[in-house]
Amino acid sequence: MGKRISIAIDGPAGAGKSTVAKIVAAKKGYIYLDTGAMYRALTYKAIRDQINVEDEDALFAALMQSSISFKMGENCQEVFLDSENVTDKIRSREINLGVSTIAAHAKVREEMVRLQQEYGKNGGVVMDGRDIGTHVMPNAEVKIYLIASVSERAKRRHEENIQKGFASNLEELEREISARDLYDSTRDVAPLTKAEDAIELDTTSMSLDSVVEAIVKIIDERS
Ligand code: DC
């Protein structure tokens, strides 16, 4: 077996990053880190504690006073903010609407990146997010940039919501995904961009299995 390398998976909201990253990590016996969940956990705290999502200093202070951690649950990775299990709470519509604003603050990002680099320092990790290949792990041996059409991404989120028993409106999801794409890719700090050396995979008409298979093949070639 080869060495335990670092895998960065980036791309816009709903391209299938976390689903794919989780399976790839399990297949390789690597750690999976959902960096979006970290921004979501801080957003949860801000809303809960009535911190203004525009107040960078207050958000940074809240982050420094928190511990965001991950634990393997029965069938999914659970997310904890201090001792509170926030796994489901961070997927609400309210969080979806606030998280991009919080993720745009430079001081917040700097600390998040530091925490993420700490996780990834020994390799054997699959991280998904927006800036993993460009900022968090610029030296990752494998960088994947996943994309899919807006309508396909909205359809996937819609099906996921229905499966979880959440209320869901397809047209509203399409509008929100487009707005989030625009915001995430035009913000001043670490905007969503494809790393020069990333491999782009358009998953619009690919099955989950074939996406996973393609990525595992690339990992095996480079480890
Ligand atoms: O992947 P997600 O939908 O859980 O991400 C939530 C938000 O966090 C999204 O608006 C983009 C932001 N994010 C980021 O800026 N950088 C990351 N590494 C991960 C997520």
Side-chain angles (χ1 to χ4, degrees), residues 6-22 25 32-47 53-54 56 59-60 63 68 70 76-79 81 86-120 125-138 140 143-148 150 152-154 156-158 160-161 164 166 168 173-195 198 203:
S6 301
I7 321 299
I9 302 186
D10 291 299
K17 298 184 299 288
S18 63
T19 310
V20 167
K22 259 178 238 169
Y32 164 59
L33 187 71
D34 176 354
T35 64
M38 298 171 72
Y39 291 96
R40 287 173 178 274
L42 180 62
T43 307
Y44 171 79
K45 181 164 183 155
I47 294 170
V53 294
E54 305 285 351
E56 179 164 10
L59 290 166
F60 177 72
L63 176 58
I68 299 170
F70 296 87
C76 75
Q77 195 179 52
E78 295 180 332
V79 188
L81 173 72
V86 295
T87 313
D88 295 327
K89 296 173 191 161
I90 61 170
R91 305 289 161 194
S92 73
R93 182 153 183 266
E94 200 184 7
I95 304 285
N96 286 345
L97 296 176
V99 65
S100 288
T101 312
I102 285 187
H105 295 303
K107 281 171 81 174
V108 168
R109 297 201 71 84
E110 213 173 287
E111 177 60 14
M112 289 291 194
V113 168
R114 195 189 65 73
L115 294 168
Q116 292 155 8
Q117 287 174 337
E118 191 61 30
Y119 263 99
V125 66
V126 181
M127 245 184 245
D128 80 319
R130 303 292 190 288
D131 60 340
I132 310 304
T134 50
H135 289 92
V136 180
M137 303 200 297
K143 297 181 185 178
I144 305 289
Y145 195 75
L146 283 189
I147 57 164
V150 171
E152 175 65 20
R153 288 186 280 142
R156 289 179 193 165
R157 274 281 146 99
H158 185 59
E160 203 178 296
N161 285 343
K164 286 181 182 159
F166 294 166
S168 188
L173 280 171
E174 277 200 25
R175 275 198 303 276
E176 283 171 12
I177 286 179
S178 302
R180 207 136 64 95
D181 277 359
L182 183 69
Y183 193 92
D184 290 341
S185 55
T186 54
R187 67 179 177 218
D188 291 339
V189 190
L192 171 67
T193 40
K194 177 174 162 289
T203 71

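Quick caveat, the model's predicted, so the values are computed rather than measured. By convention here, the first residue in the shown sequence is residue 1. Atoms within each ligand, like the ligands themselves, are counted from 1 in listed order.
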Protein residue, atom and distance nearest to atom 3 (O) of ligand 1, heavy-atom basis:
R40 NH2, 3.0 Å

Where on R180 is there a heavy atom closer than 4.0 Å to ligand 1, on the side chain, on the backbone, on both, or on neither?
side chain

Would you find a donor on one side and an acceptor on the other, under 3.5 Å apart, between the side chain of E56 and the backbone of A106?
yes

Does only the side chain of M112 get under 4.0 Å from ligand 1, or the backbone, or both, or neither? Count heavy atoms.
neither

Gap separating the CZ atom of R130 from the OG atom of S100, nearest 0.5 angstrom:
7.5 Å

Is the shortest N/O to N/O distance between S100 and ligand 1 below 3.5 Å?
yes

min-distance protein heavy atom vs atom 20 (C) of ligand 1 -> G36 CA, 3.6 Å

Return a yes/no value for D34: is any of its N or O atoms, backbone included, closer than 3.5 angstrom to an N or O of ligand 1?
no

Using a 4.0 Å heavy-atom cut-off, which part of R187 comes near ligand 1: side chain, backbone, both, or neither?
side chain

A side-chain contact here means heavy atoms from C-beta on lying under 4.5 Å apart; do L33 and Q116 qualify?
yes

Expected output: side-chain H105 to main-chain V53 donor-acceptor under 3.5 Å
yes

of all protein heavy atoms, closest to atom 12 (C) of ligand 1 is A103 CB, 3.7 Å

Within this structure, what is the CD1-OH distance for the pair I95 and Y39, rounded to the nearest 0.5 Å?
15.5 Å

Which of the ligand 1 atoms, numbered from 1, are nearer than 4.0 Å to a heavy atom of V99:
6 (C), 7 (C), 8 (O), 10 (O)

Short version for D184: what comes under 4.0 Å of ligand 1, heavy atoms counted, is side chain

Pick from K17, R130, R109: the one approaching atom 1 (O) of ligand 1 most closely through a non-hydrogen atom:
R130

Does an N or O anywhere in Y39 fall below 3.5 Å from an N or O of ligand 1?
no

F166 side chain reached by E160 side chain, heavy atoms, under 4.5 Å:
no

Closest protein heavy atom to atom 19 (C) of ligand 1, given as residue, atom name and distance to 0.1 Å
T35 OG1, 3.3 Å

How about V108 and L42: do any of their side-chain heavy atoms sit closer than 4.5 Å?
yes

Is there a donor-acceptor pair closer than 3.5 Å between any side-chain N or O of D10 and the backbone N or O of D131?
yes

Would you say R153's side chain and A13's backbone share a donor-acceptor pair under 3.5 angstrom?
yes

Name the option, out of V189, D10, D131, N96, that contains the heavy atom nearest to atom 18 (N) of ligand 1.
D131

